[in-house]
Amino acid sequence: MRVLLAGGAGYIGAHTAVALLDAGHEAVLLDDLSNTSAVAADRVAEITGKSVPLVVGDASDDAVVTAAFDEHGPFDAIVHLAAFKAVGESLQKPLQYYSNNLDTTYALLRVGIERGIRSFLFSSTGTVYSDPADLPFTEESATSIDLSNAYSKSKRMNEVVLEDVARVNPELDVTVLRYFNPVGAHPSGLIGEDPTGIPNNLMPYVQRVAIGELERIGIFGEDYDTPDGTGLRDYIHVVDLAAGHVAALEKAQPGFAVFNLGTGKPVSVRQLIASFERAVGRELPSQVLPRRGGDVAATYCDPSKAQRELGWTATLTIDDASRDAWNWQSKNPRGFATA
Ligand code: WQD
């Protein structure tokens with residue numbers, strides 16, 4: 001398959017490009033580089049030994065998407081990973097989140113359908129599930145638009161749009177992948193998570209403490225109703241997540257389908273820190289802070305539908321993720337800027 005990866009130079013995008021190329025497919029990256037570096041495309045080429053064209057541009061612009069098709073098409077599939085994704089930031093900038101995260105989808109669908117793609121794969125999130133009583137979340141668990149932040153709401157809105165578009169394009173495969181918490185890095189240490197500024201998410205924050213850039217880990221609350229009082233999440237190794245994208249594309253059927261991509265094995269904040277300490281070989285400084293607004297005690301999935309229908313299962317552990325994240329961070333202390 002020849003695949004256009006919108007947001008393809010990002011954290012998930014670069015790992016998905018590697019997985020596609022390693023599986024014998026072709027990948028072209030489209031990215032505005034607003035939250036990554038063009039170096040990521042070079043690293044994907046270095047890992048796979050294959051050419052990886054990078055089109056720098058805004059995926060919400062029909063002319064940019066059309067030019068990508070004119071220059072590098074035709075494409076069998078579009079994988080749409082081009083979105084703003086910081087929950088906290090989305091509370092401050094709702095308009096930017098709704099416009100970017102929806103306009104990219106509209107442009108990619110308009111041009112992609114017009115140019116005859118067979119598959120459209122969308123990066124969604126497990127944060128669309130709305131009732132903690134449903135844990136572990138299955139694809140049938142309750143979702144809502146009434147979520148705590150514009151990021152999650154924009155993802156749920158995208159899902160609604162995609163279901164309607166799939167209904168009137170019966171020849172198109174539309175697949176929604178609901179990610180849980182992506183962590184880790186490619187074992188080569190050449191690509192990994194490289195958030196700009198102070199990381200919002202736990203694992204990249206721990207990474208920055210481990211290399212000495214940040215002083216100590218803040219544990220956002222230890223009074224949750226969980227075994228050790230800290231938040232539980234379903235951390236999925238990004239290499240497993242990338243493999244899930246390849247399986248979803250290769251097994252795609254006409255129509256609309258939703259899959260959870262997670263491990264189904266919840267891990268607490270303290271357990272993740274302990275895992276990272278094992279990878280680094282020393283204790284890391286931490287302090288307990290008040291809860292973070294908007295956080296839930298626990299979220300994790302039942303991944304059995306992807307196993308049943310895609311033949312995909314996450315196989316890597318939190319210790320694998322810590323080992324690989326530490327390998328990436330210690331080799332690239334300033335992320336891609338180190339290059
Ligand atoms: C994980 C746990 C925090 C930072 C995010 C976004 C969304 C989604 C998944 C894709 C929680 C705790 C965190 C810190 C901490 N991605 N924590 N100290 O909020 O579950 O979800 O990633 O859809 O982008 O919703 O991830 O890593 O921020 O938090 O104690 O410095 O770690 O309270 O329990 P989250 P996170």
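Scope of the values below: all heavy atoms of this structure, side chains included, with no hydrogens, waters or symmetry mates. Both counts, for ligands and for their atoms, begin at 1 and track the order of listing.
- For ligand 1, the atoms lying closer than 4.0 Å to a non-hydrogen atom of G231 are 34 (O).
- Other residues, nucleotides and ligands contribute at most 12 non-hydrogen atoms within 6.0 Å of the NZ atom of K265.
- Closest to atom 4 (C) of ligand 1 by heavy atom, among I217, N200, V87, is N200.
- Polar contact check, V296 against ligand 1: no nitrogen or oxygen pair lies under 3.5 Å apart.
- For ligand 1, the polar-atom distance check finds an N/O of N181 within less than 3.5 Å of one of the ligand's N/O atoms.
- The closest protein non-hydrogen atom to atom 27 (O) of ligand 1 is L202 N, 2.7 Å.
- The closest heavy-atom contact to atom 31 (O) of ligand 1, among the options F220, Y235, Y151, comes from F220.
- Atoms of ligand 1 found under 4.0 Å from any heavy atom of I219, numbered from 1 in the order shown, are 30 (O).
- Shown here for F276 and S322, the closest heavy-atom pair between the two residues is N-OG, 3.6 Å.
- Protein heavy atom closest to atom 20 (O) of ligand 1, with residue, atom name and distance, is R233 NE, 2.6 Å.
- L190 pairs with exactly one of I47, N327, V18, N332 by the side chain to side chain contact (heavy atoms under 4.5 Å, CB included) rule, that one being I47.
- Atom 5 (C) of ligand 1 has as its closest protein heavy atom N201 ND2, 3.5 Å.
- Contact annotation: for K85 versus ligand 1, heavy atoms closer than 4.0 Å belong to the backbone alone.
- Ranking the protein heavy atoms by distance from atom 12 (C) of ligand 1 puts V269 CG2, 3.7 Å first.
- Counting the atoms of ligand 1 from 1 in the order shown, those under 4.0 Å from a heavy atom of G218 are 14 (C), 15 (C), 18 (N), 30 (O), 31 (O).
- Residue contacts with ligand 1: M203 is placed with no nitrogen or oxygen under 3.5 Å of a nitrogen or oxygen of the ligand (distance criterion only).
- Only the side chain of T127 comes within 4.0 Å of ligand 1, counting heavy atoms alone; its backbone N, CA, C and O stay farther away.
- Side chains of S60 and N100: no donor on one and acceptor on the other come within 3.5 Å.
- Surrounding CD of E140 are more than 12 heavy atoms belonging to other residues, nucleotides or ligands, all under 6.0 Å away.
- Counting only N and O atoms by type, the side chains of D319 and T317 include no donor and acceptor under 3.5 Å apart.
- Summarising the local packing, CD of E215 is surrounded by 12 or fewer heavy atoms from other residues, nucleotides or ligands at distances under 6.0 Å.
- By the 6.0 Å contact criterion, CG on D225 is open, its count of non-hydrogen atoms from other residues, nucleotides or ligands being 12 or less.
- Counting heavy atoms under 4.0 Å from ligand 1, residue D295 touches it through the side chain alone.
- Polar contact with ligand 1: present for R292 (N/O pair, distance under 3.5 Å).
- Geometric assessment of R115 against the ring of F75 yields a negative cation-pi assignment under the 6.0 Å and 45° thresholds.
- Here the closest heavy-atom approach between residue E193 and residue K85 is recorded as OE2-NZ, 3.7 Å.
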